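Not measured: the values here are computed from a predicted model.
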Amino acid sequence: MKDKLEQIKEEAIAQIQAADVPEKLNEVRVKFLGKKGELTAVLKGMKDVAPEDRPKVGQLVNETRAAIENVLEESKTMMEKVLREAKLKAEVIDVTLPSKKNTVGHRHPNTIALEEVERIFVGMGYEVVEGPEVEYDLYNFEKLNIPADHPAKDEQDTFYINKDIVLRTQTSPVQARVMEQGKLPIRMIAPGRVFRYDEVDATHSPSFHQIEGLVIDKNISFADLKGTLEVFAKELFGPETKTKFRPHHFPFTEPSAEVDVSCFKCGGKGCRFCKGSGWIEILGCGMVHPHVLEMCGIDPEEYSGFAFGVGLERIALLKYEIDDMRLLYENDIRFLKQF
Ligand SMILES: [Zn+2]
C-alpha cells in the first residue's frame with residue numbers, strides 16, 4: 001500500500017511539472033484528487049485493509065494528498081507569476097516613442113477677413129444677418145429693381161434652378177427679406193456665398209463671397225454713407241487710409257458710387273500693387289432706391305437708407321497681398337498656414 005501511494009505521488013508530481021498552463025494543473029488535480037481520482041480509489045480500498053492498520057494507511061493517504069496539493073499550489077503560483085510578468089511586458093508603454101501629431105486646423109484667410117469686417121460693423125451697432133443661397137428670382141432681382149430684361153438676369157450670368165429660383169448672384173436679397181419684415185430702423189450686414197456663371201481665373205470664380213450692408217432709418221443721407229465707409233476703410237486698412245467716391249450705376253441704389261481707398265502699400269504715390277494709380281477699388285454703394293423701399297413695404301417719404309456691397313475675397317486678397325484668387329479655394333495647407 002505504501003509503495004502504491006508513493007507511486008501515485010511521483011506520477012502526480014511528474015505530471016504537475018510537465019504542465020505548462022493552469023488548465024493542465026486542474027486536469028492533474030481531478031485525475032489524482034478528484035471524486036473518481038486515483039487517491040480516492042485507494043481510500044475506497046480501505047475496507048480490504050486490516051482494521052488495526054487503517055489509521056496508519058489513512059494517515060499515509062492524507063500525507064500523500066497534502067504533498068500533491070502543495071506541489072499543485074506552488075506550481076500554480078509560479079505559473080501565474082510568469083503569466084503576469086509576460087502580460088506586463090507585453091503591455092508596457094514606451095514613453096520615449098514619438099507621439100502621434102495632432103494637427104489642429106487653421107482659419108482660412110476668407111474667415112479671418114470676414115471676422116475682421118464683422119468686428120468693425122458690429123462695433124458700429126450693426127447686426128449680422130444670413131439668408132438662403134438658393135433664392136427666389138423675386139428677391140434676387142425684382143425686389144431689387146432689376147427688371148426682367150436686365151443683362152444681369154441673363155442665363156449667361158446666372159445659375160437658374162428653374163424659372164423662379166436661382167443660386168443667388170449677390171447677398172442683396174437678404175436686404176429685401178429684412179426690409180419686408182418691417183422692423184425699423186435697420187442696421188445690418190449680410191455676409192454669404194454667391195454664385196455667378198464665371199470661368200475660373202485669377203480674379204473670377206463661379207462661387208465667391210460678398211458682404212452686404214444696409215441701413216434704413218429716418219433722415220439717413222449720403223453723408224452718413226460716406227462717414228460709415230470712411231470709418232470702415234480706416235479700420236480695415238489703417239488710419240492713414242483715404243476714400244474716394246466715384247459716381248456709378250446700380251439698379252437698386254440712387255445715387256450710386258464706387259469706392260476706392262488710397263493704396264495702403266504706397267500711401268497713394270503709385271506702385272505695382274495699385275497699378276500706379278495710388279487708388280484701389282474696394283466696393284459699391286449708394287442710397288437705397290425709393291422704388292426698392294416701396295417694393296419692400298417701406299414708405300420712402302418717411303424713411304431713407306444706404307446700402308453697400310463688398311467682395312470678401314477682394315478684401316482677403318488685398319489684405320494678405322495674394323495675387324491669385326484660386327489659391328483661396330485650393331485649400332493647400334502650405335498656403336493657408338501663412339495667415
Ligand atoms: Zn500703391
Parallel under 30°, tilted from 30 to 60°, perpendicular over 60°: which one fits the rings of Tyr126 and Phe308?
tilted
Please confirm whether the backbone N or O of Gly286 pairs with a side-chain atom of Glu254, one donor and one acceptor, at under 3.5 Å?
no
4.5 Å side-chain heavy-atom contact, Glu281 and Asp260
yes
Do side-chain atoms of Lys143 reach the backbone of Leu138 as a donor and acceptor pair under 3.5 angstrom?
no
Considering non-hydrogen atoms only, spot the tightest contact between Cys285 and Thr253 and give its length.
O-OG1, 4.0 Å
Under a single-linkage definition using a 4.5 Å side-chain heavy-atom cutoff for Ile, Leu, Val, Met, Phe, Trp and Tyr, are Val71 and Val30 assigned to the same hydrophobic cluster?
no
Please check if atom CD in Glu199 has more than 12 non-hydrogen atoms from other residues, nucleotides or ligands closer than 6.0 Å.
no
Looking only at heavy atoms, which two atoms of Tyr303 and Ile298 are closest? And how far apart?
CB-CG2, 3.7 Å
Is any side-chain heavy atom of Ile165 closer than 4.5 Å to one of Tyr136?
yes
Is it possible for you to say whether Val194 and Tyr139 belong to one hydrophobic cluster, with membership spreading through side-chain heavy-atom contacts below 4.5 Å?
no
With a 4.5 Å heavy-atom cut-off, do Pro22 and Leu83 have their side chains touching?
yes
Check whether any side-chain N or O of Asn145 sits under 3.5 Å from a backbone N or O of Val292 as a donor-acceptor pair, and report yes or no.
no
Does the pair Glu63/Lys9 count as a salt bridge with the N-to-O cut at 4.0 Å?
no
Between Glu127 and Arg187, does at least one N-O distance fall below 4.0 Å, as a salt bridge requires?
no
Candidate pair Glu69 and Arg65, rule salt bridge (charged side-chain N to carboxylate O under 4.0 Å, His left out), full reasoning:
CA-CA 6 Å; Glu69 276 179 347; Arg65 167 179 282 273; 3.5 Å; yes
Sub-3.5 Å donor-acceptor pair from the side chain of Gln210 to the main-chain atoms of Gln170, do we have one?
no
With under 30° as parallel and over 60° as perpendicular, where do the rings of Phe264 and Phe237 fit, or are they tilted in between?
parallel
Would you say Arg168's side chain and Asn140's backbone share a donor-acceptor pair under 3.5 angstrom?
no
Which atom names give the shortest non-hydrogen contact between Ser205 and Ser207, and what distance separates them?
OG-O, 2.8 Å
Run the salt-bridge test on Lys226 and Glu230 with the 4.0 Å N-O cut-off and return the result as yes or no.
no
When every non-hydrogen atom of Ala257 is compared with those of Phe222, the smallest separation belongs to CB-CZ, 4.2 Å
Tell me whether Glu330 contacts the main-chain N or O of Leu327 through its side chain, where contact means a donor paired with an acceptor under 3.5 Å.
no
With a 6.0 Å cut-off on the ring centroids, do Phe232 and Phe121 count as close?
yes
Beyond-backbone contact of Pro191 with Leu312, side-chain heavy atoms, under 4.5 angstrom
no
Counting only heavy atoms not in Arg29, do more than 12 sit closer than 6.0 Å to its CZ atom?
no
For a 4.5 angstrom cut-off between non-hydrogen side-chain atoms, does Glu135 reach Arg177?
yes
Does Glu240 have more than 12 heavy atoms from other residues, nucleotides or ligands lying within 6.0 Å of its CD?
no
Verify the neighbour count for atom CD of Glu130: are there more than 12 heavy atoms of other residues, nucleotides or ligands below 6.0 Å?
no
Counting N and O atoms only, with roles assigned by atom type, does the side chain of Asn110 sit under 3.5 Å from a partner on the main chain of Leu328, one being a donor and the other an acceptor?
no
Using a 6.0 Å cut-off, check whether atom NZ of Lys242 has over 12 heavy atoms from anything other than its own residue.
no
Leu5 vs Val61 side-chain heavy atoms within contact, under 4.5 Å
yes
For His204, does its backbone N or O pair with a side-chain atom of Asp201 as donor and acceptor, under 3.5 Å?
yes
Without swapping roles, check the side chain of Thr40 against the backbone of Lys36 for a donor-acceptor pair under 3.5 Å.
no
For Ser221 and Met287, which heavy atoms make the closest approach, and how far apart are they?
C-CE, 3.6 Å
Taking atom CZ of Phe339 as the centre, report whether more than 12 heavy atoms of other residues, nucleotides or ligands fall under 6.0 Å from it.
yes
Would you say that Val174 contacts Met188 through its side chain, given a criterion of any heavy-atom pair below 4.5 Å between the two side chains?
yes
Indicate yes or no: at least one non-hydrogen side-chain atom of Leu336 is less than 4.5 angstrom from one of Asn331.
yes
Lys/Arg-Asp/Glu bridge criterion (N-O < 4.0 Å) met for Asp198, Arg196:
no
Should we say atom CD of Glu321 is surrounded by more than 12 heavy atoms from elsewhere, each under 6.0 Å from it?
yes
Charged N-O contact under 4.0 Å between Glu116 and Arg119
yes
So does Asn219 have more than 12 non-hydrogen atoms from other groups sitting under 6.0 Å from CG?
no
Can you name the closest pair of heavy atoms from Ala307 and Gln175 and give their distance?
CB-NE2, 3.5 Å
Atom pair CD1 (Ile68) and CD (Glu11), whose distance is rounded to the nearest 0.5 Å
9.5 Å
